S.K.: 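Would you mind keeping the following structure in view while I ask a few things?
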Amino acid sequence: MTSHTVLGIETSCDETAAAVLRLENGRATILSEIVRSQVEAHAPYGGVVPEIAARAHADIADQIVAAAIEESGLSLSELDGIAATSGPGLIGGVMVGMMTGKALALASGKPFLPVNHLEGHALSPRLAEDCPFPYLLLLVSGGHCQFIEVRGLGRYRRLGTTIDDAAGEAFDKLAKLLGLGFPGGPAVERNAAGGDPKRYKLPRPLMDRDGLDMSFAGLKTAAARIIEAGELSEQDKSDLCASYQAAIADCLTQRADRALGMFEADGEKRLVVAGGVAANQAIRTSLEEAASRHCARLIAPPLRHCTDNAAMIALAGAEHLAVGQVNGDAMSFSARPRWPLDEASALSDPAYGGGKRGAKA
């Protein structure tokens, strides 16, 4: 029986998180999980302020990590590795998590595992259920919106991406324009529940073009013009939220339909949706319908693992550790504000030791 127990640290945006996870014969068990949100700190600004986020991570990261280790019932010496998000993300926050992870690895003599944040999302469905490779991934969050073919651990091919804004950013923008509060995605979804999704005729950018790329900037502009045209009643706001949500769902679903038609799999096809926007129930329902049209199964992480979390980072680290993908030069890895998933090779790749495009941590 093979077992690997890893501490994961996640600080790429506005949540400071740590988790201890055990991977045993391919099955993950979360031994502890601590998340400290910064929502209150960023709410007055209607979005995440990088400087505030970095300071908040620095203030609390060591306490969150200590709490996660204590809750797991293990000691630092009983862990097999330390994984930390090393990009992409807000560079100040990423560096806090990386430096914390490196310090713990150095102090304990355990291997340090730099994890691509997007790989964490890509593997997150495997936290709760059996999700064998290969599968088609729709990664949809505040900063990313892309279709990725996941052929195996470290084997990722991007099929399409947003050419401007991500779907999550589009939700946040509408919430800010309507004064619905932060975070924007859940606020728009709540208001959409009482609205008419056919009330406003909003654009579905790029749906008439080939390929799998997406665009949401034009949708944001169209909604802004409606809001600027005159004062909206509460019902108007609900109708706009519902129409806007439906437009995003249509764009994602049409692309998912096309991607599933292109994706080849031995046996059952699987469409995995991950990232913060994967928590939106209207979008999940629409994607479920798309999957069924292709005799595919829609798989999504539990709601608490759709948003940023350390359990997925620990899982990614543990999976690489389990197959011996540990780079001896990982302590020299540099934090990367940008790090496309399809450029993230296995941890055994020498490129993981350099990180020349990032900030040193």
Side-chain angles (χ1 to χ4, degrees), residues 1-12 15-35 64-65 68-69 71-72 74 78-89 97-98 101 104-105 110-135 137 139 141 144 148 150-156 270 272-276 278 299-327 330 339 341 344-348 352:
M1 180 178 293
T2 58
S3 175
H4 298 85
T5 304
V6 171
L7 167 69
I9 303 171
E10 159 58 27
T11 56
S12 66
E15 281 154 336
T16 310
V20 176
L21 175 142
R22 177 169 293 144
L23 186 67
E24 199 164 50
N25 293 330
R27 294 194 175 276
T29 301
I30 299 172
L31 304 181
S32 68
E33 187 172 16
I34 307 292
V35 181
I64 296 298
V65 168
I69 294 175
E71 185 179 280
S72 74
L74 303 175
E78 293 177 285
L79 301 177
D80 297 307
I82 313 294
T85 294
S86 303
M98 275 198 68
L104 289 169
K110 305 296 181 180
F112 175 66
L113 304 158
V115 171
N116 183 302
H117 176 77
L118 305 183
E119 183 173 41
H121 279 302
L123 299 176
S124 61
R126 295 160 67 88
L127 286 167
E129 64 178 288
D130 185 33
C131 184
F133 303 119
Y135 50 82
L137 169 69
L139 177 57
S141 65
H144 302 89
I148 296 168
V150 180
R151 283 288 161 187
L153 186 64
R155 297 174 58 201
Y156 312 110
R270 287 172 289 276
V272 168
V273 57
I299 300 175
L303 293 180
R304 68 191 177 101
H305 291 138
C306 286
T307 53
D308 294 347
N309 65 89
M312 68 181 190
I313 303 304
L315 175 63
E319 293 221 26
H320 282 290
L321 190 61
V323 295
Q325 292 177 354
V326 180
N327 192 300
W339 187 9
L341 180 54
S345 302
L347 282 173
S348 55
Y352 266 67

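Along the sequence shown, the residues carry numbers beginning at 1. Just so you know, these numbers come straight off a predicted model, no measurement behind them.
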S.K.: Please confirm whether the backbone N or O of Ile34 pairs with a side-chain atom of Glu71, one donor and one acceptor, at under 3.5 Å?
M.R.: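 Judged by distance alone, no pair lies under 3.5 Å.
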
S.K.: Any cation-pi pair here, Arg126 with Phe133, using under 6.0 Å and within 45°?
M.R.: yes

S.K.: To the nearest 0.5 Å, what is the distance between CG on Leu139 and OG on Ser124?
M.R.: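 Output value for this atom pair is 8.5 Å.
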
S.K.: Contact between His305 and Pro125 at the side-chain level, heavy atoms closer than 4.5 Å - yes or no?
M.R.: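 Heavy-atom side-chain distance check fails, nothing below 4.5 Å.
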
S.K.: Under 3.5 Å, side chain of Arg270 to main-chain N/O of Pro134, donor-acceptor pair present?
M.R.: yes

S.K.: Set out, in order, the CA-CA distance, both residues' side-chain angles and the distance that settles side-chain contact (heavy atoms from CB on, under 4.5 Å) for Leu153 and Glu119, then state yes or no.
M.R.: CA-CA 9 Å; Leu153 186 64; Glu119 183 173 41; 3.8 Å; yes

S.K.: Hey, does the side chain of Glu24 reach the backbone of Gly26 with a donor-acceptor pair shorter than 3.5 angstrom?
M.R.: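 Here the side-chain-to-backbone pair does not exist.
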
S.K.: Check whether any side-chain heavy atom of Leu23 sits under 4.5 Å from a side-chain heavy atom of Ser3, and report yes or no.
M.R.: no

S.K.: Return the orientation label for the His121 and His117 ring planes: parallel under 30°, perpendicular over 60°, tilted otherwise.
M.R.: perpendicular

S.K.: Does the pair Val272 and Val150 meet the rule for a side-chain contact (heavy atoms from CB on, under 4.5 Å), with working shown?
M.R.: CA-CA 10 Å; Val272 168; Val150 180; over 6 Å; no

S.K.: How far apart are the closest heavy atoms of Leu321 and Gly81, and which atoms are they?
M.R.: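 Minimum heavy-atom separation between Leu321 and Gly81: CD2-N, 4.3 Å.
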
S.K.: What's the spacing between Arg304 CZ and Ile30 CD1 if we round to 0.5 Å?
M.R.: 5.0 Å

S.K.: To check you understand the geometry: which heavy-atom pair defines the closest contact between Ala274 and Leu137, and what is its length?
M.R.: CB-CD1, 4.1 Å

S.K.: If every non-hydrogen atom of Met312 is compared with every non-hydrogen atom of Gly120, which pair is closest and at what distance?
M.R.: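 Heavy atoms only, the tightest pair is CB-O, 3.3 Å.
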
S.K.: Determine the minimum heavy-atom distance between Ala105 and Phe112, stating which atoms define it.
M.R.: CB-CB, 3.8 Å

S.K.: For Val326 and Pro111, work out which heavy atoms get closest and say how close.
M.R.: CG1-CB, 3.7 Å

S.K.: Could you check whether any side-chain N or O of Asp80 sits under 3.5 Å from a backbone N or O of Thr5, counting only pairs where one atom can act as donor and the other as acceptor?
M.R.: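 Yes.
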
S.K.: Is the backbone N or O of Pro114 less than 3.5 Å from a side-chain atom of Ser86, with the two atoms forming a donor-acceptor pair by type?
M.R.: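 Side chain of Ser86 to backbone of Pro114: no pair is present.
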
S.K.: Hey, are the side chains of Leu7 and Ile69 touching, using non-hydrogen atoms and a 4.5 Å cut-off?
M.R.: yes

S.K.: Is the closest side-chain heavy-atom distance between Leu118 and His144 below 4.5 Å?
M.R.: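 Answer yes - side chains close enough.
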
S.K.: Using the rule given for side-chain contact (heavy atoms from CB on, under 4.5 Å), can you reason through Thr11 versus Met98, listing the C-alpha separation, both sets of side-chain angles and the distance that settles it, and then say yes or no?
M.R.: CA-CA 9 Å; Thr11 56; Met98 275 198 68; over 6 Å; no

S.K.: Nearest 0.5 angstrom please: Ile313 CD1 to Ile9 CD1, how far?
M.R.: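 Going from the CD1 atom of Ile313 to the CD1 atom of Ile9 covers 10.5 Å.
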
S.K.: Looking only at non-hydrogen atoms, find the nearest pair between Ala311 and Leu21 and report the distance.
M.R.: O-CD1, 3.8 Å

S.K.: Between CG of Leu79 and NE2 of His4, what distance do you get to the nearest 0.5 Å?
M.R.: 13.0 Å

S.K.: Any sub-3.5 Å donor-acceptor pair from Asn309's side-chain atoms to Thr307's backbone N or O?
M.R.: yes

S.K.: Rounded to the nearest 0.5 Å, what separates atom CD in Glu319 from atom CG in Leu113?
M.R.: 12.0 Å

S.K.: Got a donor-acceptor contact below 3.5 angstrom from the Asn116 side chain to the Pro88 backbone?
M.R.: no

S.K.: Does Gly87 offer a backbone N or O that forms a donor-acceptor pair with the side chain of Thr85 under 3.5 Å?
M.R.: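 No, because the side chain of Thr85 does not come within donor-acceptor range (under 3.5 Å) of the backbone of Gly87.
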
S.K.: Could you tell me the separation between the NE2 atom of His320 and the CG atom of Leu315, rounded to the nearest 0.5 Å?
M.R.: 9.5 Å

S.K.: Taking Ser32 for its side chain and Ala68 for its backbone only, find out whether a donor-acceptor pair lies under 3.5 Å.
M.R.: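 Checking the backbone N and O of Ala68 against the side chain of Ser32, a donor-acceptor pair under 3.5 Å is found.
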
S.K.: Looking at Arg27, is its backbone amide N or carbonyl O close enough to the side chain of Arg22 to form a donor-acceptor pair, meaning the two atoms are under 3.5 Å apart?
M.R.: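 Not a single qualifying donor-acceptor pair exists.
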
